[in-house]
Amino acid sequence: MEHEHGRSPTHYRCLGIGVGPANLSLASLLHGHPEVSNLFLDRKTAFGWHDDQQIPGTSLQVSMLKDLVSLADPVNPFSFLAYLHDQGRIYHFLNARFPAVPRQEFRNYLAWAAGRNENVVFGEEVREVAFDGVFRVRTDRRTLTADNVAVGVGIAPWLPPQARPWTGTTQYHVSEFMTRAQDLGGKRVVVVGGGQSGAEAFLDLVSRTGTALPRRVSWVSRRRNYFPMDDSPFTNDFYTPSFSDYFFTLPGELRKAFNEQHLLSSDGISEDTLRAIYQRIYLHRFVEDRTDLVGLHPNREVVEVDRGPAGTWALTLRHNDQPGRAERLEADVVVWATGFRCAPMDFLEPIAGRMERVDGEPKVDEDYAVLWDGPPGHDVFVQNATRQQRGLADPNLSLNAWRSRRIADRLLGVRGDDQLASFIEWSAKDTGEAPWPA
């Protein structure tokens with residue numbers, strides 16, 4: 001869209017901040033609707049998606065249909081199948097029969113979608129969002145205005161307090177793995193974290209050969225064991241629109257308890273990864289006679305980190321069942337696979353006091369618009385930032401397209417047809433019966 005004399009517009013119906021999978025999904029769904037002028041900005045100079053965590057051999061934990069658009073608009077030209085067809089390799093992909101989409105391939109698909117959308121701009125950082133009848137968005141280059149703002153800045157690496165003073169070349173978050181985890185041959189490496197990221201880092205380390213193989217690789221997890229993801233059909237109903245809407249209606253304490261109880265439906269380890277790890281350990285111990293290569297330490301928490309001799313590290317572990325007994329691990333390198341948290345949204349500070357919050361999150365309505373004291377028709381939508389209100393699926397790819405569809409429909413002033421509800425009756429039905437006595 002251009003104004004007269006070929007100049008770019010400075011006012012948009014929707015201005016997006018951040019271009020990860022969430023806002024890229026929204027940008028893709030809006031691309032075919034020129035009546036909703038839109039622009040999506042990202043401070044990175046080019047598209048990236050966990051680029052330093054793209055360990056060879058890793059795959060998505062969700063179906064390829066859970067791409068940017070397919071579950072909301074299956075004929076959209078920004079689908080994963082459209083990407084394969086555009087690249088001329090759709091038959092090759094089918095013949096390869098991957099059990100799951102290689103993560104690097106999905107990353108390349110996302111970059112392709114970003115590159116094909118002229119409304120997506122990289123290398124421009126949003127500094128401040130104010131409101132004076134319209135949203136006034138100040139970047140490091142210019143000031144733009146918008147009727148609505150969609151925030152999708154994603155997640156940021158999280159380190160526990162005991163690790164933060166020591167980060168550097170020999171202690172780092174797993175999000176830096178591909179850059180940092182080099183030249184580890186003959187060294188003692190500790191991986192902390194029992195989720196998929198920790199499992200992938202551990203598998204990569206114990207799969208190295210020759211002089212690249214570490215002397216010892218230890219894996220520490222707070223969980224009682226290295227648990228698989230619950231990927232069964234009825235559990236996957238937690239990742240459907242009808243359940244998300246039901247979850248949204250629950251009291252906060254029930255939502256919190258649910259997220260804790262069913263964490264492994266989102267943050268467990270794929271069975272293929274666990275099997276590959278177990279087989280690798282078997283070969284090292286029984287076939288190749290490396291009996292001291294692997295140390296497995298579940299049900300423990302790293303409570304202290306100190307410097308050891310000659311640039312090494314000393315980790316103090318507390319066993320969850322035997323808290324009075326401390327264990328000590330020595331390491332040359334520590335990889336913290338301790339997860340991510342919502343990235344800060346400091347640019348919203350000028351209007352932060354006008355926005356409602358709940359459970360540490362911006363409080364949203366059913367369309368992911370923040371509740372605030374601004375006038376109707378001027379919304380701040382937040383993506384991937386309402387896990388406590390919307391459940392475990394919120395940071396997951398599963399409902400990415402559906403959530404963006406909700407936001408797009410709000411901007412378009414329509415309500416699209418929902419898919420059929422779950423087989424499961426999530427809510428109690430009012431049958432006119434008297435309630436149970438207290």
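The basis for the numbers below is simple: all heavy atoms, side chains too, and nothing from hydrogens, waters or symmetry mates.
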Chemist: Side chains of Asp359 and Lys256: does their closest heavy-atom pair fall under 4.5 Å?
Modeler: no
Chemist: Among residues two or more places apart or on two chains, list those pairs meeting salt bridge (Lys or Arg N to Asp or Glu O under 4.0 Å) that have a residue in residues 39-53.
Modeler: Asp42-Lys44, Arg43-Glu125, Asp51-Arg107
Chemist: Taking all non-hydrogen atoms of both residues into account, name the closest pair between Val153 and Pro344 and its distance.
Modeler: CG2-O, 4.1 Å
Chemist: Assess whether side-chain contact (heavy atoms from CB on, under 4.5 Å) is satisfied between Ser270 and Met229, documenting all intermediate values.
Modeler: CA-CA 6 Å; Ser270 70; Met229 171 181 281; 5.8 Å; no
Chemist: Applying side chain to side chain contact (heavy atoms under 4.5 Å, CB included) between Leu317 and each of Val190, Val220, Val303, report the one that passes.
Modeler: Val220
Chemist: Would you name the heavy atoms of Ala113 and Leu68 that are closest together and state the gap between them?
Modeler: CB-CD1, 3.5 Å
Chemist: Does CG in Leu94 sit with more than 12 non-hydrogen atoms of other residues, nucleotides or ligands closer than 6.0 Å?
Modeler: yes
Chemist: Give a yes or no answer on whether the side chain of Asn117 reaches the backbone of His31 with a donor-acceptor pair at less than 3.5 Å.
Modeler: no
Chemist: May I have the step-by-step check of side-chain contact (heavy atoms from CB on, under 4.5 Å) for Val120 and Leu24, ending in yes or no?
Modeler: CA-CA 8 Å; Val120 171; Leu24 187 54; 4.3 Å; yes
Chemist: Examine distances only and state if a side-chain atom of Asn400 and a backbone atom of Ser25 form a donor-acceptor pair shorter than 3.5 Å.
Modeler: no
Chemist: Shortest non-hydrogen contact from Leu65 to Ser70?
Modeler: O-CB, 3.5 Å
Chemist: Considering all heavy atoms of both residues, which atom of Ser207 and which atom of Arg280 are nearest to each other, and what is their separation?
Modeler: OG-CD, 3.8 Å
Chemist: Under 3.5 Å, side chain of Asp394 to main-chain N/O of Ala385, donor-acceptor pair present?
Modeler: yes
Chemist: Restricting to pairs with a member in residues 378-391, which pass salt bridge (Lys or Arg N to Asp or Glu O under 4.0 Å), not counting sequence neighbours?
Modeler: Asp245-Arg390, Asp379-Arg410
Chemist: Give me the ring orientation class for Phe47 and Phe122: parallel if the planes are under 30° apart, tilted from 30 to 60°, perpendicular past 60°.
Modeler: perpendicular
Chemist: Take Arg223 and Leu263, measure what side-chain contact (heavy atoms from CB on, under 4.5 Å) needs, and give me the verdict at the end.
Modeler: CA-CA 11 Å; Arg223 298 174 184 173; Leu263 179 64; 3.7 Å; yes
Chemist: Using side-chain contact (heavy atoms from CB on, under 4.5 Å), reason through Phe227 and Ile269 one step at a time and then give a plain yes or no.
Modeler: CA-CA 6 Å; Phe227 289 118; Ile269 304 168; over 6 Å; no
Chemist: Please state whether the rings of Phe131 and Trp372 are parallel, tilted or perpendicular, taking 30° and 60° as the class boundaries.
Modeler: perpendicular
Chemist: For this output row, return yes or no: ring centroids of Phe234 and Phe423 closer than 6.0 angstrom.
Modeler: no
Chemist: Looking only at side chains, do Thr139 and Glu124 share a donor and an acceptor under 3.5 Å apart?
Modeler: yes
Chemist: Can you run down the salt bridge (Lys or Arg N to Asp or Glu O under 4.0 Å) pairs that involve residues 61-79, sequence neighbours left out, and say none if there aren't any?
Modeler: none
Chemist: Give a yes or no on whether the backbone of Val334 and the side-chain of Trp313 come within a donor-acceptor separation of less than 3.5 Å.
Modeler: no
Chemist: Hey, can you tell me if Phe243 and Phe258 have their rings parallel, tilted or perpendicular (30° and 60° cut-offs)?
Modeler: tilted
Chemist: Are any of the side-chain heavy atoms of Asn119 and Tyr12 separated by less than 4.5 Å?
Modeler: no
Chemist: Quick check against the 3.5 Å criterion: does His173 have a side-chain atom that pairs as donor or acceptor with the backbone of Gly339?
Modeler: yes
Chemist: Of the non-hydrogen atoms in Asn259 and Gly391, which two are nearest, and what is the gap between them?
Modeler: OD1-CA, 3.7 Å
Chemist: So, His378 side chain and Phe135 main chain: donor-acceptor pair closer than 3.5 Å or not?
Modeler: no
Chemist: Mind checking whether Phe238 and Trp426 have parallel, tilted or perpendicular rings, split at 30° and 60°?
Modeler: tilted
Chemist: Suppose we screen for side-chain contact (heavy atoms from CB on, under 4.5 Å). Which residues come up paired with Ser266, at least two apart in sequence or across chains?
Modeler: Tyr239, Leu392, Asn396
Chemist: Do Arg275 and Asp272 meet the salt-bridge criterion of a basic N to acidic O distance under 4.0 Å?
Modeler: yes
Chemist: Please identify each residue that fulfils side-chain hydrogen bond (donor to acceptor under 3.5 Å, both in side chains) with Gln87, with sequence neighbours left out.
Modeler: none
Chemist: Look only at the side chain of Gln171 and the backbone of Ala163, and say whether a donor-acceptor pair between them is shorter than 3.5 Å.
Modeler: no
Chemist: Which residue, Phe78, Phe106, Tyr109, forms the ring-ring contact (aromatic ring centres under 6.0 Å, His included) with Tyr83?
Modeler: Tyr109
Chemist: Please check this pair: side chain of Thr235 against backbone of Asp231, looking for a donor-acceptor N/O pair closer than 3.5 Å.
Modeler: no
Chemist: Just by modelled atom types, is the Tyr368 backbone N or O under 3.5 Å from a matching donor or acceptor in the Asp365 side chain?
Modeler: yes
Chemist: What's the spacing between Asn108 CG and Gln54 CD if we round to 0.5 Å?
Modeler: 8.0 Å
Chemist: Considering only heavy atoms from C-beta outward, does the side chain of Phe381 approach that of Cys14 to under 4.5 Å?
Modeler: no
Chemist: For Gln53 and Ser197, which heavy atoms make the closest approach, and how far apart are they?
Modeler: NE2-OG, 2.8 Å
Chemist: If the condition is side-chain hydrogen bond (donor to acceptor under 3.5 Å, both in side chains), which residues does Arg307 pass it with, not counting sequence neighbours?
Modeler: none
Chemist: Can a donor-acceptor pair be found, under 3.5 Å and without considering hydrogens, that links the side chain of Asn23 to the backbone of Ile17?
Modeler: yes
Chemist: For atom CG of Asp183, decide whether the heavy atoms of other residues, nucleotides or ligands shown that lie under 6.0 angstrom number more than 12.
Modeler: no
